[in-house]
Amino acid sequence: GGDNDDDTNLLSLVLQAPSNNNDDNNSGPSKLNVASVIVFGLSQLAAIPVYCELARETVDAHLKIMKPKHSFLACHVAPWALCILTYNSAVFESFVEWSSLLLLGFCNFSLPLLLELRIASYGKRKQPAPGHVMWIFSLVSASIGAVIAQRITENIIVAEITFMCITLWIFNNY
């Protein structure tokens, strides 16, 4: 092994891979590996300003909680400053991990199902949503809660109890 045996960054692992050429003088990454990493990095870098601008437009048009100058600073400058200050630190890793655990699972999986339940009961249909939507919403939300509990406590029993409590709470309140 080398100094980077515990490295889990996919891009750095691609660059550490030796090329498949039979040339003994060429022990570094292949040109295709280097080009792939560069193109991937550039594609991700180009998406960040788009997300920042979408956030600024949302703050300005819908939330209206800041002046345009302040929303520009909050949505364009603050994310870059945060990334620059914390990029190679445990703080950044923890921020990404916890924001993913707390927000992404609920926003991507639970929220659409909750919206379906609400639209069915308050929308034009004025009828209850199909029973399977409630079951799926309950299982997805309880699973996300159990993962968060498992990550916090590192105890499977606490995760199981959390799963059951969230499921029961959902069925009693929806």
Side-chain angles (χ1 to χ4, degrees), residues 1-17 33 36-37 39-56 58-59 62-63 65-66 71 73-121 129-174:
D3 292 336
N4 295 324
D5 286 343
D6 61 345
D7 193 355
T8 58
N9 182 335
L10 180 61
L11 298 179
S12 64
L13 292 175
V14 167
L15 290 177
Q16 291 175 9
N33 286 359
S36 298
V37 168
V39 168
F40 178 77
L42 290 175
S43 71
Q44 297 304 304
L45 188 62
I48 294 171
V50 173
Y51 292 133
C52 292
E53 184 59 22
L54 288 172
R56 187 201 57 79
T58 301
V59 168
H62 301 292
L63 299 178
I65 58 175
M66 298 180 188
S71 66
L73 291 173
C75 297
H76 283 280
V77 177
W80 285 102
L82 179 68
C83 289
I84 289 169
L85 293 173
T86 63
Y87 178 67
N88 282 329
S89 70
V91 172
F92 185 73
E93 183 179 331
S94 294
F95 174 76
V96 169
E97 178 184 2
W98 284 103
S99 63
S100 298
L101 278 173
L102 296 174
L103 297 174
L104 293 180
F106 288 111
C107 290
N108 290 334
F109 301 108
S110 294
L111 188 59
L113 294 167
L114 180 61
L115 289 173
E116 169 62 25
L117 290 171
R118 292 296 185 187
I119 289 170
S121 60
H132 70 277
V133 175
M134 176 60 79
W135 277 101
I136 294 170
F137 172 67
S138 171
L139 293 175
V140 166
S141 299
S143 297
I144 294 167
V147 167
I148 293 169
Q150 168 68 26
R151 180 64 182 95
I152 291 171
T153 64
E154 297 182 6
N155 186 330
I156 193 69
I157 302 298
V158 172
E160 291 173 3
I161 292 169
T162 302
F163 179 89
M164 289 185 269
C165 289
I166 291 173
T167 303
L168 291 172
W169 183 83
I170 288 172
F171 276 108
N172 284 332
N173 291 296
Y174 290 100

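When a residue number appears, it is its place in the shown sequence, counting from 1. Just the heavy atoms: all of them, side chains too, but no hydrogens, waters or symmetry mates, feed the values below. No experiment lies behind these values; they were computed from the predicted model shown.
Looking at residues two or more places apart in sequence or on another chain, you find a side chain to side chain donor-acceptor pair (under 3.5 Å) between S110 and S141. Among residues two or more places apart in sequence or in another chain, the side-chain contact (heavy atoms from CB on, under 4.5 Å) test is passed with S143 by F163.
For S100 (side chain) and V96 (main-chain N/O), a donor-acceptor pair under 3.5 Å exists by modelled atom type. Under a 3.5 Å cut-off, the side chain of S94 and the backbone N or O of V91 do not form any donor-acceptor pair.
Rounding to the nearest 0.5 angstrom, the gap separating the CG atom in L113 from the CE atom in M134 is 10.5 Å. Put simply, CG on L111 and CG on L104 are 12.0 Å apart, with the number rounded to the nearest 0.5 Å. In this structure, CZ on F95 lies 8.0 Å from SG on C83, to the nearest 0.5 angstrom. Atom-to-atom distance recorded for N155:CG and E160:CD is 9.0 Å, nearest 0.5 angstrom.
For the pair F106/L114, no side-chain contact is recorded, criterion being any heavy-atom separation below 4.5 Å from C-beta on. Annotation: side chain of I136 is not in contact with side chain of F109 (no heavy-atom distance under 4.5 Å). Residues F137 and I170 have side chains in contact (heavy-atom distance under 4.5 Å, counting atoms from C-beta outward). In this structure, W80 and C52 have side chains that are in contact, with non-hydrogen atoms separated by less than 4.5 Å.
Between I148 and L102, the shortest heavy-atom contact is CD1-CD2, 3.7 Å. Closest approach of P112 to C107, counting heavy atoms only: CD-O, 3.4 Å. The two residues T162 and G145 make their nearest non-hydrogen contact at CG2-O, 3.6 Å. Closest approach of R151 and L101 over heavy atoms only: CG-CD1, 3.6 Å. Across R56 and S71, no two heavy atoms sit closer than the pair CG-OG, 3.7 Å. In terms of heavy atoms, I166 sits closest to A142 at CG2-CA, 3.7 Å.
More than 12 heavy-atom neighbours from other residues, nucleotides or ligands sit within 6.0 angstrom of CD on E53. When the shell of 6.0 Å around CZ of F92 is examined, it contains more than 12 heavy atoms from other residues, nucleotides or ligands. The environment of CZ in F171 is crowded: more than 12 heavy-atom neighbours from other residues, nucleotides or ligands sit within 6.0 Å.
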Evaluation steps, side-chain contact (heavy atoms from CB on, under 4.5 Å), between W98 and I152: CA-CA 10 Å; W98 284 103; I152 291 171; 3.3 Å; yes
